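Source: prediction; values computed, not measured. Just so you know, ligand 1 is whichever comes first in the structure, and atom 1 is the first atom listed for that ligand.
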Amino acid sequence: MGGFLEGRNGLILGVANKRSVAWACARALKREGMELALTFANERLEGNVRELGEELGVSAILPCDVTSESELDGLVAGVGKAFGKLDCIVHAVAFAKREELTGTYLDTSREGYRLAQDVSVYSLPAVSRRMVPLMEGREGSILTLSYIGAERVIPNYNVMGVAKAALEASVRYLAHDLGPRGIRVNAISSGPIRTLSAAGIDGFSAILDHIAERAPLRRNITAEEVGDVCAFLASPLARGITGSTIYVDAGYHIMGL
Ligand code: NAD
Ligand code: IMJ
């Protein structure tokens, strides 16, 4: 009660399990009073997401593989039915073939490039466009998750780095498109977090150690810290911010060496 997101409705894409950044965002938004709808990408994840969603007391749990136009259409219908109106979208979805996340970017296949862009980038305008009619006239906020590999070379991040660069550019173009309709669009560039998407990444522990040694705050960040910035960006406290990439990375991005 009394949270700064009371009376608002949010849609969260990207919960896979309790480690997901999307799940930390869900908890932070809910804590501040937002009503939530969660999506699951496939039947394999449905049970997991239902269990988590019920535990948090969400209003709806809806299927959405973002590569499917018909599931995206179904999502609008589901969100419309659950809420009528929508204030916030959290897009925390990314995928590339595992073989593209090792070796060189030079060797990226055409299909691997297409898939990474389709799931990790095109899904943002695709979801946003469909939700705009539900979001108009109410200080809406659209958020996505990025990584410093968008701007600088992180070994093995490869095709995902190029996808995140396109995602951050998409945030700017969408902010320009939707600003006149009162909808803000921003990205959070998160430091590394041990989630399903980080599992099995070669040298991930060494990357965490490197950040803890080098970042200004001399530590890694938590998913909860990303969730809190998500709540801020979703709220009227951030009403003057759009088209931006905000870093939640213990300050690592400022370092030159
Ligand atoms: P995660 O594996 O928990 O989340 C990724 C989500 O993408 C999963 O829920 C998965 O179901 C979903 N997804 C994949 N393909 C999909 C599809 N076709 N349709 C719908 N959903 C699909 O991992 P995470 O680390 O929480 O990732 C969330 C976001 O955060 C991603 O955009 C990721 O790039 C970004 N990010 C992660 C880190 C990190 O270190 N973990 C750092 C910076 C940014
Ligand atoms: C991913 C690959 C390589 C290096 C990486 C990462 N580093 C970090 C990540 C240093 C932090 C995690 N990250 C930021 C992502 O965006 C991950 C996306 C991702 C992960 C997988 C693994 C499993 C799979 N496909 C994936 N697609 C996207 O099959």
One line per pair, note the atom names and distance for all nitrogen or oxygen contacts under 3.5 Å between ligand 1 and the protein.
| residue | atom | partner | partner atom | Å |
| --- | --- | --- | --- | --- |
| ligand 1 | 2 (O) | Ser197 | N | 3.3 |
| ligand 1 | 2 (O) | Ser197 | OG | 2.8 |
| ligand 1 | 3 (O) | Ser20 | OG | 2.6 |
| ligand 1 | 9 (O) | Gly14 | O | 2.7 |
| ligand 1 | 9 (O) | Ala16 | N | 3.4 |
| ligand 1 | 18 (N) | Asp65 | OD1 | 3.0 |
| ligand 1 | 19 (N) | Val66 | N | 2.9 |
| ligand 1 | 23 (O) | Thr195 | OG1 | 3.2 |
| ligand 1 | 23 (O) | Ser197 | OG | 3.0 |
| ligand 1 | 25 (O) | Thr195 | OG1 | 2.6 |
| ligand 1 | 26 (O) | Val21 | N | 2.8 |
| ligand 1 | 32 (O) | Lys164 | NZ | 2.9 |
| ligand 1 | 34 (O) | Lys164 | NZ | 2.8 |
| ligand 1 | 40 (O) | Ile193 | N | 2.8 |
| ligand 1 | 40 (O) | Ile193 | O | 3.3 |
| ligand 1 | 41 (N) | Ile193 | O | 3.0 |
| ligand 1 | 41 (N) | Thr195 | OG1 | 3.2 |

Below 3.5 Å only, please: the N or O atoms of ligand 2 paired with protein N or O atoms, distance on each line.
| residue | atom | partner | partner atom | Å |
| --- | --- | --- | --- | --- |
| ligand 2 | 16 (O) | Tyr157 | OH | 2.7 |
| ligand 2 | 25 (N) | Ala96 | O | 2.7 |
| ligand 2 | 27 (N) | Ala96 | N | 2.9 |
| ligand 2 | 27 (N) | Ala96 | O | 3.3 |

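Electrostatic pairing of Lys97 and Glu100 does not count as a salt bridge here, judged by no charged N lying under 4.0 Å from a carboxylate O. With salt bridges taken as basic N to acidic carboxylate O contacts below 4.0 Å, one links Arg50 and Glu46. Taking 4.0 Å as the cut-off between side-chain N and carboxylate O, Lys164 and Glu151 do not count as a salt-bridged pair. The pair Glu224-Arg27 meets the salt-bridge criterion, with a side-chain N (NZ, NE, NH1 or NH2) lying under 4.0 Å from an Asp/Glu carboxylate O. Residues Lys18 and Glu55 are not paired through a salt bridge, judged by the lack of any N-O separation under 4.0 Å between the basic side chain and the carboxylate. Salt bridge status for Arg129 with Asp177: absent, with no side-chain N to carboxylate O gap under 4.0 Å.
Among residue pairs with one or both ends in residues 211-257, those qualifying as ring-ring contact (aromatic ring centres under 6.0 Å, His included) are His210-Tyr252, Tyr247-His253; sequence neighbours excluded.
Here the side chain of Ser235 pairs no donor or acceptor atom with the backbone of Phe4 at under 3.5 angstrom.
Pro155 meets the side chain to side chain contact (heavy atoms under 4.5 Å, CB included) test with no other residue; sequence neighbours excluded.
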